[in-house]
Amino acid sequence: KEDFAGHQVLRISVANEAQIQKVMELENLEHLQLDFWRGPARPGSPIDVRVPFTRIQAVKVFLEAHGIKYTTMIKDVQSLLDEEQEQMFAFQAR
Amino acid sequence: AASTKTFNFATYHTLEEIYGFMDMLVAEHPQLVSKLQIGSTYEGRPIYVLKFSTGGNNRPAIWIDTGIHSREWVTQASGVWFAKKITQDYGQDPALTSILDSMDIFLEIVTNPDGFAFTHSKDRLWRKTRSITAGSSCVGVDPNRNWDSGFGLPGASNNPCSETYHGKFAHSEVEVKSIVDFVKNHGNIKAFISIHSYSQLLLYPYGYKTEPAPDHAELDELAKSALKALSSLYGTYYEHGSIINAIYRASGGTIDWTYEQGIKYSFTFELRDTGLYGFLLPASQIIPTAQETWLAIRTIMEHTLNHPY
């Protein structure tokens, strides 16, 4: 089963079209294996992207270098998935 | 669960558990509910639709589907809750009773069974179908980019590794083709509601072009009243609009195709949340999400009943 330990979901706030283009550049870099939960739309509309643990530093450096604001929406994807699984198994056990 | 009375709607379920629920519901309400198989998936799983009908022949109908993007678990879970709600409210709720006395409701709870099974077995965040693309090591097509409506135009990807890969040709995905054939054969569907998550939006055509839909004004008004009903329960805030205006350009989308088939009341929901959990919405929010969404769906169904075309 896919393990998402350390994966984070970043919420990116783009201020203008130029910043959207920058984020689209990221989207096209397949080796980063980014998973856009909410894709780039327009300035003011949030972009949510799941970033594998090994790519987080590079992505954050890229965003900061281009003055693109972001927050961390989910600090560790796997921990939420573990909770979800526990809850499902608890029900099945009952 | 021994019956749908003891079924736990407040937790996520596997494909087998949901299919088992469907069989129980049919067995408990044989006069109202039947199960149709509209096809089989790429990996050979049956594709089921629940039909809620009080009689008649080929009555005007309302279509609701959940789970076309398999990782959007709150949508299949809401679909299960809707199915039970319909059986509970028929004969109790005057609005639903009048709808079902004149129309049929078709509910496809697991619209992407292969993808859904994969989210339970291998990759919880899988979105697409599981079809193999010749010449690529990447798997799956985005079933919400595979419809013959603006197919292949900007707003989808031609890269098989992309999450929004549109597929080799329109309706290449059997999960999509099965619905296409069903809608065309039925020929009397008057409303089509396709449910996704997340980001709390109620959307109507178009996604592949900026030109407003001919019924834009009516759809916008109906969206407003549906969302008024939705937010009356817990105050959940939604935005609404055409796909291309409210989010972004998306081609080959479900409701653009259904609208171009003449199904005027074509809507897409994007359920909770707005971005604390995204696709990983805690199971504790399943029932409140389903309850509020149901109020909006019922508003759309009532409008469809009262505005025959």
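Throughout, a chain's letter reflects where its sequence line sits, starting with A, and its residues are numbered from 1.
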Inset, instruction - Evaluate the side-chain proximity of B/H120 to A/M88: yes if any heavy-atom separation is below 4.5 Å, no if none is. - result: yes
Legend entry - A/Q85 vs B/R124 side-chain heavy atoms within contact, under 4.5 Å: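 Not in contact.
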Neighbours of chain B found in [range] - heavy atoms under 4.5 Å:
range	answer
residues 50-73 of chain A	A/R50, A/M73
residues 40-49 of chain A	A/P40, A/A41, A/R42, A/D48
residues 21-32 of chain A	A/E30
residues 1-8 of chain A	A/K1, A/E2, A/F4

Toward chain A, the part of [X] with a non-hydrogen atom under 4.5 Å:
X	result
B/S199	both
B/E270	neither
B/R71	side chain
B/S197	neither

Inset, instruction - Below 4.5 Å from any heavy atom of chain B, which atoms of A/V77 appear? Answer side chain, backbone, both or neither. - result: both
Inset, instruction - Give, as side chain, backbone, both or neither, the part of A/R11 having an atom under 4.5 angstrom from any heavy atom of chain B. - result: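 Side chain of A/R11 only, per the 4.5 Å heavy-atom cut-off to chain B.
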Legend entry - For chain A, the option from B/T14, B/N159, B/L280 that forms the most heavy-atom pairs under 4.5 Å: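 Maximum pair count with chain A is reached by B/L280.
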Legend entry - Option in B/Y198, B/W126, B/F118, B/Y12 with maximal non-hydrogen atom pairs under 4.5 Å from chain A: B/Y198
Inset, instruction - Look at atom OH of B/Y277 and say whether more than 12 heavy atoms of other residues, nucleotides or ligands are closer to it than 6.0 Å. - result: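 No, because the 6.0 Å sphere around OH of B/Y277 holds 12 heavy atoms or fewer from other groups.
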State the [atom1]-[atom2] distance between [X] and [Y], to the nearest 0.5 angstrom.
X	Y	atom1	atom2	value
B/Y248	A/I20	OH	CD1	12.5 Å
A/F36	B/T164	CZ	OG1	11.0 Å
B/E163	A/W37	CD	CH2	11.5 Å

